[in-house]
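What follows is a single structure, written as structure tokens, with notes after it.
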Amino acid sequence: MTQKGTILGIGNILQNDDGIGIKVLKYFDSLYQLPDFVELVDGGTSGATLNTAIVDRDWIIILDALDVSGQPGEVRRLNGIDFIHRPATIKMSPHQVGFLDLIQLMRLEGTGPDPENLVLVGVIPADTSHGTDFSAPVEQAMDEAIDLLVAILKEKGIQPETRQPPLKPDYWWLNQ
């Protein structure tokens with residue numbers, strides 16, 4: 001397996017649980033090493049400006065807070081075919097419109113992945129008010145989100161190597 005892929009964490013780390021995509025990405029990176037053809041990208045709230053980070057990628061896994069009905073801390077997997085064609089008025093994430101518009105435009109240009117090669121790992125937030133704390137249910141969902149991410153990578157034929165010892169997660173927004 002040498003298809004180029006990106007694991008993209010998106011979210012606003014200044015809005016509590018909304019930053020879960022970034023936190024999962026950083027936590028995953030502290031636990032696992034990946035082959036060179038897989039890139040980890042902290043996309044923050046960049047939306048449509050992420051094109052250079054994902055151009056010509058064969059597949060993308062998106063990590064984000066998921067604004068859908070359900071219990072806070074619930075982890076869900078959505079395949080691209082399930083969300084890429086939704087109308088922009090149906091928002092599942094505060095970053096969806098700009099980012100999904102970008103994906104659709106890139107597909108028209110022939111530089112973006114097909115919906116079959118997009119996966120979203122989402123965590124339903126409890127609190128997206130201003131702050132840098134995570135609610136208890138979302139914090140407790142971290143390991144489940146990591147396990148799902150590892151399972152998706154294995155489906156793609158990628159075996160993440162466990163770091164021994166694990167690194168300290170780079171939660172750069174908490175470093176004072």
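Bear in mind the structure is a predicted one, so any value in this text is a computation, not a measurement.
For the residue pair Ser69 and Arg76, the shortest heavy atom distance occurs at O-NH2, 2.8 Å. Pairing each heavy atom of Phe134 with each of Asp17, the nearest pair is CA-OD1, 3.3 Å. In terms of heavy atoms, Leu153 sits closest to Pro160 at CD1-CG, 3.8 Å. Closest non-hydrogen pair, Ala145 versus Val24, comes out as CB-CG2, 4.1 Å. Closest non-hydrogen pair, Ile158 versus Pro35, comes out as CG2-CD, 3.9 Å. In terms of heavy-atom proximity, Asn117 sits nearest to Asp58 at CB-O, 3.1 Å.
The shortest side-chain heavy-atom distance between Asp42 and Leu25 falls under the 4.5 Å cut-off. Under the 4.5 Å side-chain criterion, counting only non-hydrogen atoms from C-beta, Phe28 is not in contact with Met142. For the pair Ile7 and Leu63, the minimum side-chain heavy-atom distance is below 4.5 Å. Side-chain contact between Ile13 and Tyr171: absent, with no pair of heavy atoms (C-beta onward) separated by less than 4.5 Å. Side chains of Leu120 and Leu66 form a contact here, defined as non-hydrogen atoms less than 4.5 Å apart. Considering only heavy atoms from C-beta on, Gln3 stays 4.5 Å or farther from Phe37 through its side chain. Side chains of Val123 and Glu74 form no contact here, defined as non-hydrogen atoms less than 4.5 Å apart. Contact annotation: the side chain of Ile61 never approaches that of Thr6 to less than 4.5 Å [non-hydrogen atoms, C-beta and beyond].
With salt bridges taken as basic N to acidic carboxylate O contacts below 4.0 Å, none links Glu39 and Lys4. Here Glu161 does not pair with Arg163 in a salt bridge; the nearest charged N to carboxylate O distance is not below 4.0 Å. Comment: Glu144 does not engage Arg77 in a salt bridge, judged by the lack of any side-chain N to carboxylate O separation of less than 4.0 angstrom.
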Next on the checklist: Run Val121 and Ile62 through side-chain contact (heavy atoms from CB on, under 4.5 Å) and show every step you take.
Outcome noted: CA-CA 6 Å; Val121 174; Ile62 305 159; over 6 Å; no

Next on the checklist: Set out, in order, the CA-CA distance, both residues' side-chain angles and the distance that settles side-chain contact (heavy atoms from CB on, under 4.5 Å) for Leu31 and Thr162, then state yes or no.
Outcome noted: CA-CA 6 Å; Leu31 299 174; Thr162 304; over 6 Å; no

Item to check | Working for side-chain contact (heavy atoms from CB on, under 4.5 Å), residues Asp64 and Ile20 | outcome: CA-CA 6 Å; Asp64 197 5; Ile20 193 63; 5.7 Å; no

Checklist entry - Can Trp59 and Ile152 be said to form a side-chain contact (heavy atoms from CB on, under 4.5 Å), step by step? => result CA-CA 11 Å; Trp59 55 266; Ile152 293 167; over 6 Å; no

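Within 6.0 Å of CD in Gln71 there are 12 or fewer heavy atoms belonging to other residues, nucleotides or ligands.
Between the side chains of Asn12 and Asp18, no donor N or O sits under 3.5 Å from an acceptor N or O. Donor-acceptor pairing under 3.5 Å is recorded for the side chains of Ser129 and Asn16.
Both Trp173 and Tyr27 sit in one connected hydrophobic cluster of ILVMFWY residues. Membership requires side-chain heavy atoms under 4.5 Å apart, directly or through other members. Note: the hydrophobic cluster containing Leu40 also contains Trp172 (ILVMFWY, side chain heavy atoms under 4.5 Å, direct or indirect links).
Note that the CG atom of Asp29 and the CG atom of Asp170 stand 8.0 Å from one another [nearest 0.5 Å]. From Lys154, atom NZ reaches atom CD of Gln159 across 4.5 Å, with rounding to the nearest 0.5 Å. Taken from CD1 in Ile81 to CD in Glu116, the straight-line distance is 5.0 Å, to the nearest 0.5 Å. If you take CD1 on Ile10 and CD1 on Ile22, they are separated by 8.0 Å, rounding to the nearest 0.5 Å.
In this structure Pro72 satisfies the side chain to side chain contact (heavy atoms under 4.5 Å, CB included) test together with Ala126, Pro137, sequence neighbours excluded.
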